[in-house]
Structures are given as C-alpha cells and as structure tokens.
K.L.:
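Here you go, one structure.
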Amino acid sequence: MPTQLRASSSLSSVPFSTRSYTHDVFLSFRGEDTRYNFTGHLHRNLVQRGINTFIDDDDLPRGKEISEALLRAIEGSKHSLIVFSKNYASSKWCLDELVHILGCRRSKKQMVWPIFYKVDPSDVRHQTGTFGEALAEHERRFEDDKNKVLRWRAALSEAANLSGWHFPGGHEYEYEFIEKIVEEVSAQVKEPTYLDVAKCPVGIHSRVQGMLEMLDVGGSDVRMVGMWGTGGIGKTTIAKAVYNTIVRKFECHCFLAKVREESEQHGGLVKLQNIILSKILGGQPEVINVDEGINLLRERLRNKRILLILDDVNKSDQLDKLAGAPDWFGRGSRIIITTRDKRLLTVHEVNPIYKARELDHHEGCELFSSNAFKKKRNLDDNEKLLVRTVVEYAQGLPLALEILGSHLYGRPIDDWQAMLDGYKRNLPKDIRDILKVSYDGLEEIVKEVFLDIACFFKGWKVNDVIQILEACDRNNPKLSIKVLEEKALINFDRYGEIWMHDLLEDMGKDIVQQESTEPGERSRLWHHKDVQEVLTENTGTSKTEGIVIKMPTADEICLNPKCFKKMRNLKIFININGWFCGKVDYYQNQLRLLEWRDCSLKFFPRNFNMKNIIQLNMPRSCISRFEVFIYFQDFNLLKSLYLTNFPFDFFFFFGMTEYGKSEILKFEWM
C-alpha cells in the first residue's frame with residue numbers, strides 16, 4: 001500500500017524565504033521512466049489544483065551539461081518534487097539536478113520532497129539495486145572526476161533521508177497515491193491568503209471562541225454552523241477571524257463573500273459555484289448552469305475535508321445551490337453560514353446557530369474611540385462624556401460605532417452633540433443603507449408591521465400589539481412579528497415586550513419620513529414638530545394612520561377645530577404628554593387604539609364615536625362622566641379597558657348594563 005515516509009524533518013518545519021518565485025514546484029524525474037504515466041499525471045493534477053509547476057519538457061534544450069535555464073528554474077521554485085524511479089540515477093542530468101536542488105534547499109531554504117516510485121527508499125539511500133548499478137557505471141565513465149560521483153552519492157543519501165512518499169506498486173491505485181501527494185503539497189505550497197479582519201478588532205477573541213466551540217474543528221462529522229444577527233453587528237468580521245484561525249487545518253478552503261449581493265446579479269449563482277470549485281479544486285471555472293453546478297459540487301467535494309464560509313446569505317435557494325447538504329462534503333468538513341434570517345438556517349437544518357451579540361459598553365467605547373480619536377488615549381471629562389453618549393446611542397452595534405467615529409473624527413468636540421442630535425433625526429446614509437437591506441427583503445405587510453413597531457409600539461406587550469394590528473387590518477400580524485424576530489429586526493424581553501435596536505427604530509422612522517416632505521402626507525407621525533404642524537394647521541390627510549404625541553416641553557397644542565376631519569384612516573392615537581387647547585368639531589370613528597394619559601377632559605364629546613376601538617387606555621384621567629358609552633350599543637369587540645379615577649358607582653353601572661357583554665379582557669382600577 002502507498003505509504004508516506006517521515007524522517008528527520010516535517011513538511012512544515014522549514015520556513016520559506018520571502019523572495020519572489022517563478023514557480024511553486026519544480027519536478028525532477030527520469031523522462032524515459034515516468035514522463036507519460038506517473039509524472040505526467042502528477043503534473044496535470046498539480047496544475048489543476050492551481051499549483052504553478054515546472055516540468056522540463058517546456059522547450060528547454062538539452063546539452064552536455066544541465067542548462068542555465070534549468071538551473072534558474074530550480075532556483076526560482078519554492079519547492080521541488082524528486083521522482084525517484086528505476087532508472088533515475090542512470091541520468092547524469094537528473095543527478096546534477098538533484099545536487100543543485102539540495103544546494104538550494106540549504107542556501108535558499110527551499111522545501112524538497114522525495115517520491116519513491118516503485119523503488120525501495122533504501123536503494124536510493126545506500127545506492128543499491130539499480131541505483132548501485134547506475135553509480136558504478138558513472139564511476140567508470142567519470143574515472144577522472146571521482147568527486148562528481150561522490151557528490152551524486154551524497155545527494156542521493158541526503159534526499160532519501162527527507163520526508164516523502166513511497167509507492168511500491170502492486171495492486172494499489174496510482175491516482176489515489178497522486179491525490180495524496182497533491183493534497184499535502186497543496187496545503188504547503190498554497191499558503192492560505194489570510195483575510196483582513198478589522199482595523200480595530202475589538203471583542204473579536206471571545207466571539208471567535210464561541211464559534212470555535214460550536215465548530216469543534218477536528219471532529220470527523222460534517223458540521224454546518226450558522227451565525228445569525230442584525231446587519232452591522234459584525235457577523236462578517238467574526239467569520240473572517242474564524243477563517244484565519246482555522247484555515248490551515250483544512251485541505252481546501254473558500255470564503256465566499258457577499259453571497260446575497262452576488263447572487264442577485266445575472267448568472268450570479270453559477271459564478272459563485274465556479275468560485276467554490278476553482279478555490280477548492282483549482283483550475284478554470286467549468287459550470288455553465290446551476291443544476292450542473294449542484295452535481296459538480298456534490299461529486300467533487302464529497303471526499304475532501306473543506307472549510308467553506310458562505311457570508312451574507314439571504315435566500316434558501318442560495319444554500320440549496322451552494323451547500324445543499326452535509327453529504328456534499330468530506331468527513332471533517334465545516335461549513336459556516338452568516339445571515340440576518342434565522343428562519344433560513346432552521347429550514348436548511350443548520351445546527352448549531354451562533355447569535356452574534358452587540359459589543360458591551362467597554363468594548364463600544366474602545367471601538368468608537370479608536371475611530372473618533374485615532375491614537376489619542378488621554379481624554380478629558382467632556383470627551384469621555386460624549387463618548388458615553390455616542391456609545392449609548394449606538395447600543396453596541398460595531399458598524400454604527402465605526403461610522404459615527406469616522407464622521408466625528410477631527411471635528412470640534414463642541415459640535416458633536418448637535419451632530420448626534422441630527423443623526424437621530426436623519427440616520428447617516430452609510431448606516432441606514434446597511435440596516436435597510438433587511439427591511440427591503442420583507443414582504444409588504446411585514447414592512448408595515450415593522451414601521452408600526454418602530455413608530456408606535458416599541459416596549460409594548462406583544463399580545464396587545466397583535467390585537468391592535470389585527471384591528472388595524474394588518475393581515476396575520478402574529479406571523480409578521482415572528483418574521484421580524486427571525487430576521488433580527490426585533491426581539492422580546494422576559495416580560496413579553498417588543499424591543500428593537502434604536503438605530504433600527506431610527507431607520508424605520510426615516511423610511512416613513514421619506515414618504516413625503518409634507519408631514520400630513522405621511523402614514524405615521526411621531527415627531528413633535530410634525531404632530532404640532534398637522535394638528536394646528538389642519539394638514540392631515542387620509543394617508544395618516546397613526547399619531548403619537550410626545551412633547552419635549554410642556555407647551556400646549558392649539559388644535560384646529562377640523563384637525564381630524566381629513567384623517568379618515570386614523571386608527572392609532574397615542575397621547576403621552578400633550579396638552580391641548582381649542583375646541584374640536586369633528587372626531588374620527590376609525591380609531592382602534594386610543595391612549596391618553598392624564599386626560600384633562602371632564603367628559604368625552606357626544607359626537608366622539610368609539611364603535612371601532614379595541615383598546616381604550618386612559619390612566620389618571622380626569623373624566624367624571626361616562627356618557628360616551630351610550631355609543632357602544634353596536635360594539636362587541638372591546639378587548640381592553642384602562643380607566644382610572646372613576647367613581648365606583650359608575651363601574652357598577654357599566655358592568656350591569658347590556659354593554660357589559662363586550663369582551664373586556666383587562667381592567668385597570670387605580
């Protein structure tokens with residue numbers, strides 16, 4: 001059986017010079033023995049793997065002595081493979097090559113591997129058998145230059161003591177022997193190109209360790225590991241760092257970047273399939289259609305131990321076409337998939353899944369400072385305070401910390417707060433564009449739910465939000481909320497409340513602002529200036545679906561008498577701290593949610609029709625008369641009631657009348 005010999009050195013023990021080379025490998029062999037069989041096949045396999053291999057039939061002329069061109073080829077090669085065959089030693093040119101190769105090994109730190117093809121290594125080492133016969137003949141021919149023969153004998157002995165491979169022949173397959181040589185030569189010759197990770201890789205080490213625990217590199221199974229998280233959280237950076245850490249432990253490797261972006265191009269998936277094949281197998285791309293690519297990947301990768309990273313995957317068909325199943329890959333292979341969509345990993349049965357986490361406060365300060373102050377380390381108290389302010393705003397998102405740091409670098413510290421306030425109103429484009437990728441990939445109804453949460457319902461109980469959105473004619477909001485969670489656009493705390501990153505909230509609000517330059521033409525209003533303009537100047541329209549009022553100061557809003565008349569589709573009205581003056585002549589009857597804390601009204605106007613409301617939240621209200629409930633006669637959908645400071649006898653009245661048949665699920669009495 002073919003065996004690999006190990007002697008005084010290992011394949012990785014000799015460092016390479018940093019000088020430039022013309023070839024990766026120089027092949028030394030006896031042409032009459034192996035040119036058209038073993039060496040020819042070996043050369044072809046090396047070239048197919050992308051290894052620049054020199055072979056001496058490249059039109060180099062032969063003379064009485066080894067040519068200068070051949071000597072230069074040896075000197076210009078990183079490595080040499082010496083194929084010792086039966087008649088190798090009978091060629092003085094082969095022996096001269098051998099002497100020069102070993103000289104370069106000593107002087108230039110080149111690596112040399114012997115291959116004993118159907119010869120006994122001891123015959124080469126001690127010059128016995130056909131090697132002994134050849135050297136005896138050389139001694140007769142070069143009787144006047146015995147030192148030449150002595151150099152040849154010493155070179156044969158030296159080469160035979162190096163690590164290499166032995167193929168004794170018999171019933172073993174040569175192609176398997178060649179594959180083994182090519183795999184190991186490739187691992188040594190083709191030094192992996194390490195990836196640039198980050199200028200300031202803050203917090204990377206702990207996250208890489210978390211991934212390594214899931215990967216269990218060295219295990220014999222084929223493992224697909226997912227990395228999931230929102231855009232800008234550092235998934236690609238972590239994946240690059242993991243790749244650099246473990247790449248040398250695999251026979252073949254490929255970091256496939258920007259899968260989402262590349263696959264959207266014409267013929268993108270075919271291009272990506274070809275990249276995988278060329279990176280792992282070498283040679284030129286050969287896939288012409290996706291289905292052919294699937295078969296080629298499955299057939300040619302199944303016996304190889306591979307590290308494959310698919311970065312930024314956003315559709316299931318990308319995984320189906322690029323990494324369909326574990327049985328596509330050889331034992332011990334590891335496939336890492338980064339995505340913003342957890343559902344995609346679940347459907348593809350990727351397990352385990354690593355959830356990328358935000359930077360903590362200390363890490364965030366370090367990353368931001370490295371971009372905002374460069375090498376400056378001694379910050380004054382004012383600078384430290386502003387750093388904390390920015391880090392709190394970015395909430396551990398590396399992308400935001402880097403971009404904000406770069407935007408603020410070199411600017412007067414007095415301008416920082418004003419710029420930051422401006423960013424909260426208009427998110428920097430380079431941050432918005434990255435975050436918006438996830439939003440753009442949503443179905444339209446899911447987009448609407450995302451915008452509802454961003455503008456109104458961050459921090460609300462999920463079940464309450466589902467009820468409200470169902471009443472607002474959002475189709476299956478429960479599913480939409482689940483999709484948003486899977487795409488890392490929202491999350492839930494232990495109390496069942498919905499939360500999203502502040503920058504995602506800002507992005508959602510920015511999207512709504514882009515609907516129109518006129519606030520009244522937008523679907524949702526939340527900014528106090530826009531709300532004040534619409535309510536005082538009566539500029540609302542049928543496009544206005546929701547309003548939340550949160551004033552920065554205690555200023556009164558002087559309502560236009562007809563401010564609600566044109567807002568025929570107003571379904572959500574949340575007043576957190578607004579104080580109103582002026583009489584309103586018209587109220588909309590499409591409201592589903594009315595939240596009005598500390599309401600100063602003594603009673604609701606008689607023309608305030610609440611037949612569509614499902615949540616009426618009025619804590620600490622001043623209302624003392626409840627005549628409004630006479631308008632509930634056609635109403636049977638009230639889901640929650642939060643009213644405080646009402647007289648007890650009124651509650652009794654409400655509970656004992658026919659209106660008590662409504663499905664009131666919650667009642668707050670304070």
K.L.:
H253 side chain to I246 main-chain N or O, any donor-acceptor pair under 3.5 Å?
P.N.:
no
K.L.:
State, to 0.1 Å, how close R105 and Q110 come at their nearest heavy-atom pair, and which atoms those are.
P.N.:
CG-O, 3.3 Å
K.L.:
Is the closest side-chain heavy-atom distance between M211 and M227 below 4.5 Å?
P.N.:
yes
K.L.:
Please name all residues satisfying ring-ring contact (aromatic ring centres under 6.0 Å, His included) with F38, sequence neighbours left out, ordered by chain then number.
P.N.:
Y117, F177
K.L.:
If you round to the nearest 0.5 Å, how far is OG of S157 from CZ of R125?
P.N.:
8.5 Å
K.L.:
Looking at S220 and G332, would you say the former's side chain and the latter's main chain have a donor-acceptor pair under 3.5 Å?
P.N.:
no
K.L.:
Examine distances only and state if a side-chain atom of Y88 and a backbone atom of C94 form a donor-acceptor pair shorter than 3.5 Å.
P.N.:
yes
K.L.:
As an exercise, state the distance from CD of E402 to CD1 of I431, rounded to the nearest 0.5 Å.
P.N.:
10.0 Å
K.L.:
Looking at F131, is its backbone amide N or carbonyl O close enough to the side chain of D123 to form a donor-acceptor pair, meaning the two atoms are under 3.5 Å apart?
P.N.:
no
K.L.:
Looking at S316 and L344, what are the two nearest heavy atoms and their distance?
P.N.:
N-CD1, 3.8 Å
K.L.:
Is E139 salt-bridged to R153, going by a charged N under 4.0 Å from an acidic O?
P.N.:
yes
K.L.:
Which heavy atom in C104 sits nearest to a heavy atom in I74, and how many Å separate them?
P.N.:
SG-CG2, 4.1 Å
K.L.:
Atom OH of Y409 and atom CZ of F373: how far apart are they, to the nearest 0.5 Å?
P.N.:
11.0 Å
K.L.:
Salt bridge or not between R140 and E137? Use side-chain N to carboxylate O under 4.0 Å.
P.N.:
yes
K.L.:
Tell me if a side-chain donor or acceptor on K235 pairs with a main-chain N or O of T230 at a distance below 3.5 Å.
P.N.:
yes
K.L.:
Indicate yes or no: at least one non-hydrogen side-chain atom of D56 is less than 4.5 angstrom from one of R35.
P.N.:
yes
K.L.:
List the residues meeting ring-ring contact (aromatic ring centres under 6.0 Å, His included) with H138, not counting sequence neighbours, and say none if there are none.
P.N.:
W152
K.L.:
Identify which one of H23, H43, H79 satisfies the ring-ring contact (aromatic ring centres under 6.0 Å, His included) criterion when paired with F54.
P.N.:
H23
K.L.:
Taking the side chain as C-beta and beyond, is there a heavy-atom pair between V222 and D327 under 4.5 Å?
P.N.:
no
K.L.:
Measure the shortest side-chain to side-chain distance between D96 and L70 over non-hydrogen atoms and say whether it is less than 4.5 angstrom.
P.N.:
no
K.L.:
Salt bridge or not between K315 and D317? Use side-chain N to carboxylate O under 4.0 Å.
P.N.:
no
K.L.:
Is the side chain of S406 donor-acceptor paired with the backbone N or O of N371 at a distance under 3.5 Å, no angle test?
P.N.:
no
K.L.:
Any side-chain heavy atom of S28 within less than 4.5 Å of one from I101?
P.N.:
yes
K.L.:
Any side-chain donor-acceptor pair under 3.5 Å between D341 and T339?
P.N.:
no
K.L.:
Is any side-chain N of the basic residue among R207 and E363 closer than 4.0 Å to the acidic one's carboxylate O?
P.N.:
yes
K.L.:
I need the minimum non-hydrogen distance between L359 and V202, along with the two atoms involved.
P.N.:
CD2-O, 3.8 Å
K.L.:
Once ring-ring contact (aromatic ring centres under 6.0 Å, His included) is applied, do any residues pair with F329, and if so which ones, sequence neighbours excluded?
P.N.:
none
K.L.:
Tell me whether the rings of H166 and F116 are parallel (<30°), tilted (30 to 60°) or perpendicular (>60°).
P.N.:
perpendicular
K.L.:
Hey, could you give me the CG/CD1 distance between L322 and I276, rounded to the nearest 0.5 Å?
P.N.:
4.5 Å
K.L.:
Does the pair R260/D312 count as a salt bridge with the N-to-O cut at 4.0 Å?
P.N.:
yes
